[in-house]
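Count residues from 1 along the sequence. Keep in mind the model is a prediction, meaning the values are calculated, not measured.
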Amino acid sequence: VTNGKYDVVARVYSHTKGVILGCNESKHDIHSDYCKQHGYEIVNRPSGGSAVLVDPQLTLCYSVMFTLDSLGLGEDVTTIYKSLVFPLAQRLGQRVCVLGRYYMRIRNGQEAIPFVGHALSKKRDVVQFDGIANKTVFDMDVIPRIIKLRELWEHDGSKYISMDGTVYTPKGRVATDF
């Protein structure tokens, strides 16, 4: 696409077992010993977002690369992202919706469960749209063994994060005011 040979290229693939950490996360956010024992590769990506668990049995990965002219979506990254996510959600079925900052979810009764994650990058006139979709229901027995799950909550007007039984301030300091 960058060399002008193609206007659009799509690929679908299975990723090896791994945990992909966002730019604001570190190896302290996962259970490294469990990952090593069970063959989960740990990778850091330069963009934001949360930790993502990938496994060839559980996830399907895909990328679409295209020139801005080929799809006529303009140059604004948010507009491009919305132009891709909303039609994709509609084509995946009635239970699929887009919430918040364009997060794709699947409705399960009253809950809207995340099942797809996307990232978009743009270099000059070429866009790359990447996605990871869960092929099965979340394995809530395995995920907490790999990723240190966080609870976000407020107390007396202050925000806190609870992880592995410890409460932290948003700046990562252990909260002592309880």
Side-chain angles (χ1 to χ4, degrees), residues 2 9-65 77-78 80-82 84-85 88-89 92 96-106 108 111-123 126-154 158-175:
T2 302
V9 173
R11 66 180 175 162
V12 177
Y13 57 97
S14 291
H15 197 288
T16 58
K17 286 172 46 172
V19 180
I20 303 170
L21 300 174
C23 66
N24 296 318
E25 298 169 316
S26 72
K27 292 183 180 183
H28 300 293
D29 292 313
I30 58 171
H31 297 285
S32 299
D33 291 340
Y34 184 90
C35 290
K36 283 181 188 175
Q37 290 172 356
H38 293 87
Y40 285 91
E41 178 184 14
I42 302 165
V43 179
N44 288 88
R45 69 179 183 275
S47 60
S50 300
V52 177
L53 174 63
V54 291
D55 185 310
Q57 300 301 315
L58 303 175
T59 55
L60 176 70
C61 302
Y62 51 92
S63 296
V64 180
M65 285 83 42
V77 172
T78 302
I80 296 168
Y81 192 82
K82 287 180 0 183
L84 295 169
V85 171
L88 180 59
L92 290 175
V96 177
C97 60
V98 179
L99 299 174
R101 299 183 127 242
Y102 319 116
Y103 300 124
M104 201 175 294
R105 302 284 192 256
I106 190 162
N108 184 12
E111 293 184 292
I113 302 168
F115 79 105
V116 175
H118 290 112
L120 186 139
S121 60
K122 182 176 92 166
K123 289 185 182 175
V126 176
V127 174
Q128 181 168 332
F129 181 73
D130 298 306
I132 298 175
N134 277 329
K135 295 190 294 187
T136 63
V137 176
F138 284 115
D139 187 340
M140 289 309 291
D141 184 46
V142 173
I143 291 174
R145 291 181 192 169
I146 296 170
I147 300 171
K148 296 179 181 178
L149 300 179
R150 303 174 187 151
E151 290 181 42
L152 307 175
W153 47 280
E154 268 186 60
S158 297
K159 294 181 180 183
Y160 296 92
I161 300 167
S162 174
M163 184 172 68
D164 276 354
T166 305
V167 178
Y168 300 90
T169 68
K171 293 186 178 184
R173 295 190 185 105
V174 175

**Study point:** Partner residues of His38 under the ring-ring contact (aromatic ring centres under 6.0 Å, His included) criterion, sequence neighbours left out
**Key:**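 Tyr34.
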
**Study point:** Result of checking Ile80, Val116, Val98 against Val85 for side chain to side chain contact (heavy atoms under 4.5 Å, CB included)
**Key:**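 By the side chain to side chain contact (heavy atoms under 4.5 Å, CB included) criterion, Val85 pairs with just one of Ile80, Val116, Val98: Val98.
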
Review point. Which one of Val19, Leu21, Ile132 satisfies the side chain to side chain contact (heavy atoms under 4.5 Å, CB included) criterion with Val52?
Key: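 By the side chain to side chain contact (heavy atoms under 4.5 Å, CB included) criterion, Val52 pairs with just one of Val19, Leu21, Ile132: Ile132.
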
Between [X] and [Y], what is the shortest heavy-atom contact and its length?
X: Tyr40; Y: Gly18; answer: CD2-N, 3.6 Å
X: Val54; Y: Thr59; answer: CA-OG1, 3.6 Å
X: Ser63; Y: Gln128; answer: OG-NE2, 4.1 Å

Practice item. For the residue pair His118 and Phe129, categorise the inter-ring angle as parallel (less than 30°), tilted (30 to 60°) or perpendicular (more than 60°). Key: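 Judged by the thresholds at 30° and 60°, the geometry between His118 and Phe129 is parallel.
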
Point to revise | Trace of the side chain to side chain contact (heavy atoms under 4.5 Å, CB included) decision for Leu84 with Val64 | key: CA-CA 10 Å; Leu84 295 169; Val64 180; over 6 Å; no

Review point. Can you list every salt bridge (charged side-chain N to carboxylate O under 4.0 Å, His left out) pair that touches residues 29-47, not counting sequence neighbours?
Key: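 The answer is Asp29-Arg150.
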
Rounded to the nearest 0.5 Å, how far does [atom2] of [Y] lie from [atom1] of [X]?
X: Asn44; Y: Ile20; atom1: CG; atom2: CD1; answer: 10.5 Å
X: Leu120; Y: Lys82; atom1: CG; atom2: NZ; answer: 13.5 Å
X: His15; Y: Leu53; atom1: NE2; atom2: CG; answer: 11.0 Å

Review point. Taking atom CD of Glu111 as the centre, does the number of heavy atoms from other residues, nucleotides or ligands within less than 6.0 Å exceed 12?
Key: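 At most 12 heavy atoms, drawn from other residues, nucleotides or ligands, come within 6.0 Å of this atom.
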
